[in-house]
Amino acid sequence: MFRISAILVILFFLYSCKSQQNTKKEVQIAFIADAHLQDIFAKFEDSNYQGIPNPVTGEFANIRTMNSQLHSTRIFNENYFAFLQALNDIVKRGIKQVVLPGDFSDDGQPVHVRGLRKILNDYTQKYGISFYVTTGNHDVVRPFSQDAVKTDFLGKDGKEQIISSSSDNFNKNKTELEPIITADIKNWGYQETIHEMHDFGFFPKKSDIYWETPFSNYKYDNYNFEEAQKESVLEKRTYLIKNTNLYLPDASYLVEPIKGIWLLAIDANAYVPSEKLSGKPNDPHDFSGANTGYNNVLIYKNHLLNWVKKVSAEAKQKGKILIAFSHYPMVDFNDDASPELKQLFGANKMQLQRVPNEEVAEQFADAGIQIHFGGHMHINDTGVRTSAKGNTLFNIQTPSLAAYMPAYKILTIHSNSELEVETIIVGKIDKFNSLFPFYEEEYAHLEKIKSTNIWNKEILKAKDYAAFTNWHLKELVRLRFLPEDFPADFLKSIEKLSGKDLLEKNKNAEEVGKDLKENSLALSDFETWTGFDMIFDFFRLKSADELAFSEIGNKRLKQYELICRQLKKSNDPKLILWAAIFWKTMNGDPSDHFNIDLKNNRIHNLSVK
């Protein structure tokens, strides 16, 4: 009897252990890129200006005009509410690690960086969330602090309001309202921004298992917090700029917040020195902005590649799971359509100057990076590259909450080789339309002064935030992308044609008819939309990838596939290029919900079609 009881106890113990292993929650990390937070309710520390009162609620706010939003690749105002909604969703899911891969602020202004810090501190204190941040080109516009101005704030009676850090930043003869002068609107440099965001990865914390920079000289096995603190000061984290005697800060760091998980934050802001330097210390005008990304990293910040190699080798040797993140993409984000885009639109259009060279993916894959989360482009995309040496890099582009389609990513780590990535749309948010009364006043003013090319007021009928971002993109295409990026002759040849007209660009009617029949489509199906609709849907696919499928609809996608096949057989070289671009944009790697098998370097789509 005793022996039976003992056996039962042992079996129960073994079953309990196995059960605990099976129910053990995997590590989850949320990624929110390009939040571009503008604290619309903040107060300036050196000015009594409060903004303007909401015509409905009376609440004061400092917001940008709708006109400025619809000419920008990002929303300036409503994304404030979207950011809070995303954080609340993360709280509900019980996720405790959140990464912000750059452009966390509007433009690195003190008032907005302070506002973000307060929000992150609040969620840390209330919910125990740890935030890990890296810099983007909008967080540290130049490596050193500089005066700045925004001429497009919304002011009294729907007019534009200038807010500047200096009275020398604007044309005094072209102001409708008295300008507001405040130091809170300047662009901070590294020193100020990193100090304000001190608690979010940039410096070591006692709770970290491990923390280092590219410049620290201690080892993992003899790590201690006090030494890490000494090595973390910004003065010890600088690199020499090529062909100069100037040193710039580098805010990169490696942290182990959870046992076995290494987060590698790469500061890929690479500032190019001017041909003629001022000779002044810490002059922001001695450098260009950093929006090019990794193409300049390989030239000016080669120390990062050597550090990444070291970290990757140690992670492998110690059995750590290495997750890299930075602001910029490491892989072509145009579904490999960049060559055709350059031919059709030109090398300096369609943001093609931001596409990383193939050498970038090759170098970082061989340096040991397998998983990298990027931002910068405000798009949902996955890019995969395998180097000549057989090393594979998965680059995951995280969408922006300030653009179509607003979303963030969740990484679930199942094991050392199996990862799951899910994209969470933030389409319904509280107060998304609470600023609309402001825009009503702006629109009335624009009508009164007979403004040319005024924005479409239908955007104020958006039913939710997702619909609002859809309208934002549509107006952005109409007001900016078409006039700035599209060759006039090509636009004329496609914009106002019906789908039927485009289909018949292939003069072989028999071939077209056969394709229609095989796909159970009728020619009349193509008469309900125009070339503009196709262009707009191209930008929806380019921005949101698989997230746009349900909005476009399977039937229309099927029609576009047929159009692309037939345009490729036309006699128009530009339409042939357009068909190739559109086809590739429709058929990229999985980007919504997918598994990554690091052992076999495979990606598996988990999205329900």
Less than 4.5 Å apart, side chain to side chain, heavy atoms only: is that true for [X] and [Y]?
{"X": "Asp597", "Y": "His604", "value": "no"}
{"X": "Asn62", "Y": "Ile40", "value": "no"}
{"X": "Pro249", "Y": "Ile194", "value": "no"}
{"X": "Glu78", "Y": "Leu435", "value": "yes"}
{"X": "Lys150", "Y": "Ser164", "value": "no"}
{"X": "Ile32", "Y": "Leu87", "value": "yes"}
{"X": "Ile369", "Y": "Ile371", "value": "no"}

Can you tell whether the side chains of [X] and [Y] come within less than 4.0 Å, N to carboxylate O?
{"X": "Glu440", "Y": "Lys457", "result": "yes"}
{"X": "Lys118", "Y": "Asp122", "result": "no"}
{"X": "Asp250", "Y": "Arg237", "result": "no"}
{"X": "Asp537", "Y": "Arg556", "result": "yes"}
{"X": "Glu256", "Y": "Lys320", "result": "yes"}

Spell out, as yes or no, whether a donor-acceptor pair under 3.5 Å connects the side chain of [X] to the backbone of [Y].
{"X": "Asn137", "Y": "Asp103", "answer": "no"}
{"X": "His327", "Y": "Pro101", "answer": "yes"}
{"X": "Glu442", "Y": "Met66", "answer": "yes"}
{"X": "Asp184", "Y": "Glu45", "answer": "yes"}
{"X": "Ser326", "Y": "Ala268", "answer": "no"}
{"X": "Asn380", "Y": "Ala544", "answer": "yes"}
{"X": "Asp34", "Y": "Leu401", "answer": "no"}
{"X": "Ser591", "Y": "Asp545", "answer": "no"}
{"X": "Gln109", "Y": "Asp107", "answer": "yes"}
{"X": "Asn605", "Y": "Ser607", "answer": "yes"}

Minimum heavy-atom distance [X]-[Y], with the two atoms named:
{"X": "Tyr132", "Y": "Pro257", "value": "OH-CB, 3.1 Å"}
{"X": "Phe325", "Y": "Ala265", "value": "CZ-CB, 3.3 Å"}
{"X": "Phe333", "Y": "Gln397", "value": "CB-CG, 4.4 Å"}
{"X": "Leu322", "Y": "Ser312", "value": "CD2-OG, 3.5 Å"}
{"X": "His472", "Y": "Gln69", "value": "NE2-O, 2.8 Å"}

Parallel, tilted or perpendicular: rings of [Y] and [X] (30°, 60°):
{"X": "Phe44", "Y": "Tyr49", "result": "parallel"}
{"X": "His198", "Y": "His195", "result": "perpendicular"}
{"X": "Tyr439", "Y": "Trp455", "result": "perpendicular"}
{"X": "His372", "Y": "Tyr294", "result": "perpendicular"}
{"X": "Phe31", "Y": "Phe373", "result": "parallel"}
{"X": "Phe468", "Y": "Tyr465", "result": "parallel"}

With no hydrogens and no angle check, do the side chains of [X] and [Y] hold a donor and an acceptor under 3.5 Å apart?
{"X": "Arg480", "Y": "His71", "value": "no"}
{"X": "Asn48", "Y": "Gln50", "value": "no"}
{"X": "Arg64", "Y": "Gln38", "value": "yes"}
{"X": "Gln28", "Y": "Thr412", "value": "yes"}
{"X": "Trp211", "Y": "Gln229", "value": "no"}
{"X": "Asn456", "Y": "Glu475", "value": "no"}
{"X": "Tyr404", "Y": "Glu551", "value": "yes"}
{"X": "Asp208", "Y": "Tyr210", "value": "no"}
{"X": "His36", "Y": "Asp106", "value": "no"}
{"X": "Asp152", "Y": "Thr65", "value": "no"}
{"X": "Thr585", "Y": "Lys542", "value": "no"}
{"X": "Asp267", "Y": "Tyr190", "value": "yes"}
{"X": "Glu420", "Y": "His593", "value": "yes"}
{"X": "Thr193", "Y": "Asp139", "value": "no"}
{"X": "Asn291", "Y": "Tyr328", "value": "no"}

Would Arg602 pass as a cation-pi partner of Phe394, given that its NZ or CZ must be under 6.0 Å from the six-membered ring centre and within 45 degrees of the axis?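 Negative - Arg602 is either too far from the ring of Phe394 or too far off its axis.
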ring-ring contact (aromatic ring centres under 6.0 Å, His included), that's the test. Do Phe539 and Phe481 meet it? Break it down for me. CA-CA 10 Å; Phe539 278 102; Phe481 291 157; 4.9 Å; yes
Taking Ile29 as the fixed residue, which of Ile261, Val98, Ile95 is the one that meets the side chain to side chain contact (heavy atoms under 4.5 Å, CB included) rule?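 With Ile29 as partner, side chain to side chain contact (heavy atoms under 4.5 Å, CB included) holds for just one option, Ile261.
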Taking atom CG of Leu120 and atom CG of Asp199, what is their separation to the nearest 0.5 Å?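 Rounded to the nearest 0.5 Å, the CG-CG separation comes out at 10.0 Å.
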Find the distance between CD1 (Ile396) and CG (Asp589) and round it off to the nearest 0.5 Å. 11.0 Å
Can you list the steps and then say if Leu547 with Ile425 is a side-chain contact (heavy atoms from CB on, under 4.5 Å)? CA-CA 8 Å; Leu547 303 182; Ile425 295 173; 4.2 Å; yes
Could you go through the side-chain contact (heavy atoms from CB on, under 4.5 Å) check for Leu304 and Ser252 one step at a time? CA-CA 8 Å; Leu304 284 177; Ser252 302; 3.4 Å; yes
Let me see the working for Leu419 and Leu411 under side-chain contact (heavy atoms from CB on, under 4.5 Å), right down to the final yes or no. CA-CA 7 Å; Leu419 309 177; Leu411 170 68; 3.9 Å; yes
Show your reasoning for whether side-chain hydrogen bond (donor to acceptor under 3.5 Å, both in side chains) applies to Thr423 and Lys409. CA-CA 5 Å; Thr423 313; Lys409 300 271 188 185; 2.8 Å; yes
Residues Tyr80, Phe76; criterion ring-ring contact (aromatic ring centres under 6.0 Å, His included); working and verdict: CA-CA 8 Å; Tyr80 174 87; Phe76 296 116; over 10 Å; no
